[in-house]
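Structure, as structure tokens:
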Amino acid sequence: MPFGYASPEQIMRDKADYARKGIARGRSVVVLQYEDGILFVAPNPSRALHKISEIYDRIGFAAVGRYNEFEELRLGGIRYADINGYTYDRSDVTGRGLANLYASNLGRIFTESIKSLEVEVVVAEVGDTPDGDAIYRLTFDGSVFDEHGFAAMGGQAEAVAARLKERYRESMALGDALAVALAALTEPGGERPPVGQLEVAVLDRNREHRKFLRLTGSRLERLMGRSAEQEAPEPSAEQAKEEAKEQESPTPPPTGPDKPPPTGPDGDVDDGSSPL
């Protein structure tokens, strides 16, 4: 037990700073809507420890921070969803209900425990239409943010969110959405992570029953190849004009010491002034 007196405000500030520093040490995670559902993208070199997971039929989970802490939250969410789906109906399990459960647990731990959880969580639910999609971002103190279109957390979250805001547009195809996510996660002038160091998944509203699907292997490589082609810079209007002029202008005949210049009818050098 710590000695001395500290005001409640100071204690809360210290715990919040401690949690923010721990979360910022991790790598960012991006969640965004596309035309057929919701896309999750996270740089993650580990194949065993997942940042992105399925919770229930239409609900996905993404987190950053300490793995053991957000893994406990994930397992608790699965138990909550299974019990409620079995007791009542599968349609009664919603992303909003799960977000409220997480918010209650995170807020209680932040207030009552000496150490707060170093985690930030996104709960996403895909609807039958894009208007029915929902993305909830929860912070270490139990605050809930209803995000529209996209969300970024962990690492340099503010910079990633700013790059997302510049590039994001509604009703993107999956390849376009992946290109936007990778561009947001990549520092300016840096190289985007290879396929083997990415964790990518979707909630696809067109799938039957279970909407969650991981994108790996050749399918992810094809999507990344398309996104790289789309990101290739197009020539500017001035460059296009210069290239067109070069193609239209005739190539002058080669002249050199081995080839004499053309001559006129009387053997004089043809300078262009003699009539034909």
Polar contact flag, side-chain donor to acceptor under 3.5 angstrom, Asp92-Asn84: no

Test side-chain hydrogen bond (donor to acceptor under 3.5 Å, both in side chains) applied to Arg167 - qualifying residues, sequence neighbours left out: none

Contacts of type side-chain contact (heavy atoms from CB on, under 4.5 Å), residue Gln33, not counting sequence neighbours: Ile38, Asp133, Ile135, Tyr168

Any donor-acceptor N or O pair under 3.5 Å, side chains Thr129, Asp131: no

Salt-bridge criterion met for Arg207 and Asp204 (N-O under 4.0 Å): no

Salt-bridge criterion met for Arg214 and Glu199 (N-O under 4.0 Å): yes

Salt bridge present between Glu69 and Lys115 (N-O < 4.0 angstrom): yes

Which residues share a salt bridge (Lys or Arg N to Asp or Glu O under 4.0 Å) with Lys165, sequence neighbours left out: none

4.5 Å side-chain heavy-atom contact, Phe212 and Asp57: no

side-chain contact (heavy atoms from CB on, under 4.5 Å) assessment of Leu117 paired with Phe140: CA-CA 6 Å; Leu117 297 185; Phe140 55 87; 5.5 Å; no

Side-chain heavy-atom pair Arg163, Val180 within 4.5 angstrom cut-off: no

Heavy-atom closest contact (Gly154 atom, Ser28 atom, distance): O-OG, 2.6 Å

Least distance between heavy atoms, Phe150 atom then Ala161 atom: CE1-O, 4.0 Å

Val29 and Val122: CA distance, side-chain angles, deciding distance, side-chain contact (heavy atoms from CB on, under 4.5 Å) verdict: CA-CA 9 Å; Val29 175; Val122 162; over 6 Å; no

Spacing of Met172 atom CE and Tyr34 atom OH [to the nearest 0.5 Å]: 11.0 Å

Arg79 vs Asp82, salt bridge (Lys or Arg N to Asp or Glu O under 4.0 Å): CA-CA, chis, key distance, verdict: CA-CA 5 Å; Arg79 286 192 294 268; Asp82 284 343; over 6 Å; no

Neighbour count above 12 (heavy atom, 6.0 Å) for Gln156 CD: no

Those residues that, when tested against Glu120, pass salt bridge (Lys or Arg N to Asp or Glu O under 4.0 Å) (two or more places apart): Arg137

Glu35: partners by side-chain contact (heavy atoms from CB on, under 4.5 Å), with sequence neighbours left out: Ala173

Under the side-chain contact (heavy atoms from CB on, under 4.5 Å) test, residues paired with Thr186 that sit two or more places apart: Arg192, Pro193

Minimum side-chain heavy-atom gap Arg205-Pro130 below 4.5 Å: yes

Side-chain heavy atoms of Arg27 within contact of Pro45, under 4.5 Å: yes

Any residue meeting salt bridge (Lys or Arg N to Asp or Glu O under 4.0 Å) with Arg96, in chain and number order, not counting sequence neighbours: none

Within-4.5 Å side-chain heavy-atom neighbours: Val121 and Val123: yes

Beyond-backbone contact of Thr216 with Val200, side-chain heavy atoms, under 4.5 angstrom: no

Ser46 and Asn44: side chain donor to acceptor below 3.5 Å: no

Apart from Tyr88 itself, residues in the same hydrophobic cluster as defined by side-chain heavy atoms under 4.5 Å: none

Beyond-backbone contact of Val31 with Leu39, side-chain heavy atoms, under 4.5 angstrom: no

Sequence-distant partners of Arg210, side-chain hydrogen bond (donor to acceptor under 3.5 Å, both in side chains), two or more places apart: Glu54

From CA spacing to verdict: side-chain contact (heavy atoms from CB on, under 4.5 Å), Leu98, Val93: CA-CA 8 Å; Leu98 187 62; Val93 180; over 6 Å; no

Full working for salt bridge (Lys or Arg N to Asp or Glu O under 4.0 Å) between Glu71 and Arg66: CA-CA 9 Å; Glu71 179 67 6; Arg66 286 190 174 273; over 6 Å; no

Glu118 side chain reached by Arg25 side chain, heavy atoms, under 4.5 Å: yes

Leu198 vs Met224, side-chain contact (heavy atoms from CB on, under 4.5 Å): CA-CA, chis, key distance, verdict: CA-CA 11 Å; Leu198 279 175; Met224 290 186 66; 3.8 Å; yes

Results of side-chain contact (heavy atoms from CB on, under 4.5 Å) for Asp14 - residues two or more places apart only: Gln10

Distance, nearest 0.5 Å, that separates CG of Leu185 from CG of Leu164: 7.0 Å

Gap separating the OH atom of Tyr136 from the CG atom of Asn100, nearest 0.5 angstrom: 8.0 Å

Residues forming a ring-ring contact (aromatic ring centres under 6.0 Å, His included) with Tyr18, sequence neighbours excluded: none

Cationic N near anionic O, under 4.0 Å, Asp141 to Lys15: no

Asn68, CG: over 12 other non-hydrogen atoms inside 6.0 angstrom: yes

Set of salt bridge (Lys or Arg N to Asp or Glu O under 4.0 Å) partners for Arg47, sequence neighbours left out: none

